[in-house]
Undergrad: 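The structure that follows is given in the form of structure tokens.
Ligands are counted one by one from 1 in listed order, and the atoms in each one are counted from 1 as well.
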Amino acid sequence: MPETLTPLIPELEIRWRTSQMTHRIVRDYKDQAVIVVIVLKGAFIFAADLTRRLAEQGLRLRLDFLRAASYGDSDLSSGKVSLQLDVSLPLVNQKVLLIDDIIDTGLTLSFLAQHLKRKGATEVKTCVLLDKPARRLIDFKPDYIGFSIPDVFVVGYGLDFAEEHRCLSGLAILHKEQNPCHQSQSMSK
Ligand code: XMP
């Protein structure tokens, strides 16, 4: 099936927005220690750029990673999220900043934030590069959002389709005959 890519957000604009987000996050956390939890795999490039900026601005960060997968048709509220890799740092009495690539239905981020709170974090704030508000199934708003985008399937800058396109330096819309967002199958992050 032929795929075509249309540029959506170029690298320079991502860099500019990331630096704006850095200022807000640094202002909010000031001198507090924070554990940054990065959702694999899609958030790895965004999180690498953002965390280096946060550290340059003086935030004391410790990093950890987790991985989730969603099952079922993401158009249905019954879509289930499961954990494939958990964090290893103890989170009791810690402030956590959870970073993901994109929020779509909201089920993943909501599930992961609750999971981290159950592990003892006193506060879990959420940060995403992209938000597709039109697809939300639950009432969940991340604390920090890079860009709001329409209901299109996006690849590049860490985001993939079938593990391809992650290394594009900017974000692009992937056009296929069937929108991969609406396929009924397991979707790893
Ligand atoms: P939600 O918010 O629906 O997000 O739980 C589930 C996961 O779906 C993936 N997702 C995408 N991945 N391009 C991608 O590469 C997209 O346009 C897209 N929309 C959703 C993503 O892994 C998210 O964490």
Undergrad: As an exercise, identify every atom of ligand 1 less than 4.0 angstrom from a heavy atom of Asp160.
TA: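 Contacts of ligand 1 toward Asp160, numbered from 1: 14 (C), 15 (O).
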Undergrad: What are the atoms of ligand 1, with element, lying closer than 4.0 Å to any heavy atom of Thr105?
TA: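 Here the atoms of ligand 1 in question are 1 (P), 2 (O), 3 (O), 5 (O).
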Undergrad: Within ligand 1, which atoms have a heavy atom of Asp100 less than 4.0 Å away?
TA: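 Once the distances to Asp100 are compared, the set is 24 (O).
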Undergrad: For ligand 1, which atoms have a heavy atom of Thr108 less than 4.0 angstrom away?
TA: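 Matching atoms, with element in brackets: 1 (P), 4 (O), 5 (O), 6 (C).
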Undergrad: Just which atoms of ligand 1 are under 4.0 Å from any heavy atom in Val152?
TA: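 Once the distances to Val152 are compared, the set is 17 (O).
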Undergrad: If I apply the N/O under 3.5 Å rule, does Gly106 come out as touching ligand 1?
TA: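 Yes, Gly106 has an N/O under 3.5 Å of an N/O on ligand 1.
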Undergrad: Once the angle between the rings of Phe153 and Phe161 is folded into 0 to 90°, is it parallel (under 30°), tilted (30 to 60°) or perpendicular (over 60°)?
TA: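 Answer is perpendicular, since the angle exceeds 60°.
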Undergrad: Among Leu40, Val39, Leu171, Asp104, which residue places a heavy atom closest to atom 2 (O) of ligand 1?
TA: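 The residue whose heavy atom sits nearest atom 2 (O) of ligand 1 is Asp104.
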Undergrad: How would you list, by chain and number, every residue that makes a salt bridge (Lys or Arg N to Asp or Glu O under 4.0 Å) with Arg15, sequence neighbours excluded?
TA: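 Partners of Arg15 by the salt bridge (Lys or Arg N to Asp or Glu O under 4.0 Å) criterion, ordered by chain and then number, come out as Glu11.
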Undergrad: Please determine if Asp131 and Lys141 form a salt bridge, counting it only when a charged side-chain N lies under 4.0 Å from a carboxylate O.
TA: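 Looking at Asp131 and Lys141, the cut-off is not met.
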Undergrad: Please tell me if the side chains of Leu109 and Val128 come closer than 4.5 Å, counting only heavy atoms from C-beta onward.
TA: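 Of all side-chain heavy-atom pairs linking Val128 with Leu109, at least one is under 4.5 Å.
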Undergrad: Just so I know, are the side chains of Asp49 and Tyr157 near enough to count as touching, which here means a heavy-atom distance under 4.5 Å?
TA: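 Yes, at least one pair of side-chain atoms sits under 4.5 Å.
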Undergrad: What I want to know is whether Val154 and ligand 1 share at least one N or O pair that is separated by under 3.5 angstrom.
TA: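 N/O-N/O distance under 3.5 Å: yes.
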Undergrad: Does ligand 1 have any atom that is closer than 4.0 Å to a heavy atom of Leu107?
TA: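 Leu107: in contact with ligand 1 (<4.0 Å).
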Undergrad: Heavy-atom pairs closer than 4.0 Å: do any link ligand 1 to the side chain of Arg135, the backbone, both, or neither?
TA: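 Neither; nothing of Arg135 gets under 4.0 Å from ligand 1.
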Undergrad: If you apply the rule side-chain contact (heavy atoms from CB on, under 4.5 Å), what do you find for Leu83 with Leu112, and how did you get there?
TA: CA-CA 8 Å; Leu83 208 58; Leu112 294 177; 3.6 Å; yes
Undergrad: Would Lys125 pass as a cation-pi partner of Tyr29, given that its NZ or CZ must be under 6.0 Å from the six-membered ring centre and within 45 degrees of the axis?
TA: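 Judged by the rule (NZ or CZ under 6.0 Å from the ring centre, within 45° of its axis), Lys125 counts as positioned above Tyr29.
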Undergrad: With a 4.0 Å cut-off, would you call Glu123 and Lys117 a salt bridge?
TA: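 Answer for the salt bridge query: no.
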Undergrad: Looking at Lys132, which atoms of ligand 1 are within less than 4.0 Å of one of its heavy atoms?
TA: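 Atoms satisfying the 4.0 Å criterion: 16 (C), 17 (O), 18 (C), 19 (N).
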